[in-house]
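Below is one structure, written out as structure tokens, with a few remarks after it.
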Amino acid sequence: MERKLAGAHLTINLGALKENYRLLADQAAPAECAASVKANAYGLGIEQVGPALYAAGCRRFFVALPGEGVTLRKLLPDATIHILGGILPETEEIYLEYNLVPVLNSLHDIRQWANFAKTRGGLHALLHLDTGMTRLGLLEAEIRELAATPDLLDHIKIDFVMSHLSCGDVPSDPMNREQLEKLLFFRTILPKALRETPVSFANSAGIFLGPDFHFDMVRPGIALFGGNPHAGGPNPMHEVVRLRGRILQVQDVDSEIPVGYGASFRTEGSSRIATVSVGYADGYFRALGNKAECAVKNIKVPVVGRVSMDIITVDVSKVPEGDCAPGAFVDLIGGAVPLDEVAAHAETIPYEILTSLGSRYYREYLDAAV
Ligand SMILES: *Cc1c(COP(=O)(O)O)cnc(C)c1O
């Protein structure tokens with residue numbers, strides 16, 4: 001939406017994004033650092049994020065769906081693009097036309113890609129082993145079946161064997177080591193030709209579990225966008241996303257006045273309540289009502305009452321009057337209100353906050369260095 005016409009401004013700092021890419025690439029080196037940019041680059045806009053990451057040196061990208069791959073291919077003619085979701089029915093020609101390399105998640109995927117590869121010559125793919133998610137990837141029985149029928153791979157070149165961590169954000173969780181050991185074991189029962197194939201294991205959190213988890217290629221997503229890769233610990237990433245809403249109205253009220261739908265909040269002393277132009281229709285979660293904090297000029301202030309569709313109400317009693325006039329901005333995400341804190345208040349994760357960011361914002365992309 002146009003700057004003047006929007007109730008809230010979303011600022012995405014592509015300079016900080018590039019710094020984050022370089023930080024993760026350094027941390028993971030000598031492993032290659034790819035980028036996970038599914039769901040429109042976690043809601044931040046693939047059209048800007050894809051080329052910015054490419055400019056920072058990224059040459060390999062993961063998306064969920066072939067449609068996302070087609071979009072990205074038009075932006076990045078030379079990048080390697082992987083489709084995490086495998087192969088959707090009757091999409092093989094699209095993969096070829098747009099040079100998309102699928103992640104084969106099951107024997108079903110392998111057979112489908114093998115049948116296609118037979119008619120088209122050698123085709124590339126990644127092979128996903130499931131070491132503890134029970135979600136996507138081959139479990140032990142399927143790996144053994146593959147090892148018994150290695151000619152399935154006659155026309156397929158597997159560039160990487162990969163797996164995915166379920167608990168990487170909790171470094172002390174024993175699942176991390178268990179999955180690592182399972183991955184090492186699974187490698188030994190793969191068809192002989194794949195036992196030395198390069199490996200990809202770590203997402204953002206996995207990069208910070210140490211070099212044992214890096215293997216040959218890492219695939220961070222959330223940390224690129226400023227999300228904290230360690231649950232609870234200090235955040236080593238630069239802030240990429242900032243959301244600021246405009247004050248529409250300020251009301252000075254006496255005590256015991258109800259605020260918002262359901263009268264779920266009542267003022268205690270005399271208070272000043274600011275109404276801010278953002279609501280659940282903009283991805284400001286309803287769960288944040290009576291829970292979250294915003295900030296005005298770095299002074300933290302509580303969201304009081306329920307979140308409405310287009311509006312929240314904030315108790316700005318402790319903010320100097322001149323700083324909270326109609327038209328002034330309130331920080332909703334970023335600055336004094338870290339993304340991870342907003343997610344915690346909404347009882348969710350930063351991934352869901354970012355991918356829910358609404359379409360009514362004025363979106364501004366900065367390439368400022370950090
Ligand atoms: C989304 C995803 C990633 C990136 O995970 P982050 O936690 O955002 O770093 C990596 N690998 C797979 C398979 C994914 O689905």
Side-chain angles (χ1 to χ4, degrees), residues 17 20-21 23-25 27-28 31-44 46 49-50 53 58 60-66 68-69 72 80-87 100-106 109 125-138 159-171 173 175-176 179-180 182-183 186 198-209 213-233 235-238 240-241 339-340 343 348-357:
L17 171 80
N20 285 340
Y21 176 78
L23 195 153
L24 294 165
Q27 184 83 25
E32 174 186 353
C33 190
S36 294
V37 293
K38 56 214 189 200
N40 194 27
Y42 289 39
L44 301 187
I46 192 66
V49 166
L53 288 169
C58 185
R60 188 184 297 278
F61 294 82
F62 286 84
V63 291
L65 302 168
E68 295 179 322
L72 187 56
T80 302
I81 301 175
H82 298 298
I83 312 299
L84 287 163
I87 309 160
L100 308 175
V101 178
V103 175
L104 304 176
N105 290 312
S106 61
D109 279 352
L126 307 194
L127 181 67
H128 192 173
L129 310 180
D130 191 325
T131 56
M133 292 281 280
T134 320
R135 192 181 71 162
L136 288 174
L138 284 76
D159 297 325
F160 288 89
V161 167
M162 62 173 270
S163 192
H164 192 44
L165 288 158
S166 69
C167 304
D169 57 329
V170 184
D173 196 302
M175 269 301 287
N176 296 321
Q179 283 193 264
L180 175 61
K182 199 166 229 183
L183 175 57
F186 279 177
V199 170
S200 173
F201 193 28
N203 61 344
S204 300
I207 292 173
F208 293 90
L209 294 177
F213 289 80
H214 294 167
F215 291 94
D216 304 288
M217 187 255 291
V218 298
R219 325 178 290 273
I222 194 71
L224 292 167
F225 308 116
N228 191 349
H230 329 272
N235 188 351
M237 310 316 298
H238 298 288
V240 173
V241 177
L339 170 63
D340 294 281
T348 182
I349 49 178
Y351 305 69
E352 197 182 16
I353 300 287
L354 294 185
T355 55
S356 304
L357 287 168

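Counting starts at 1 for both ligands and their atoms, in listed order.
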- Sequence neighbours excluded, which residues qualify as ring pair (Phe, Tyr, Trp, His ring centres under 6.0 Å) partners of Phe208? His230
- Enter the distance from Cys33:SG to Leu23:CG here, rounded to the nearest 0.5 Å. 10.0 Å
- Query: Side chains of Ile207 and His214: closer than 4.5 Å at any heavy-atom pair?
  - Reply: yes
- Task: Could you pull out all residues at least two apart from Asp159 that satisfy side-chain hydrogen bond (donor to acceptor under 3.5 Å, both in side chains)?
- Result: His124, Lys157
Contacts under 3.5 angstrom, residues 36-44 side chains, donor-acceptor by atom type, not counting sequence neighbours:
unit_1 : atom_1 : unit_2 : atom_2 : d
Ser36  : OG     : Arg219 : O      : 3.0
Asn40  : OD1    : Ile46  : N      : 2.8

- Report yes or no: do Asn105 and His128 form a side-chain donor-acceptor pair below 3.5 Å? yes
- Message: For a quick check: using heavy atoms under 4.0 Å, what are the residues in contact with ligand 1, sorted by chain and number?
- Response: Ser36, Lys38, Tyr42, Leu84, Arg135, Met162, His164, Asn203, Ser204, Arg219, Pro220, Gly221, Ile222, Tyr351
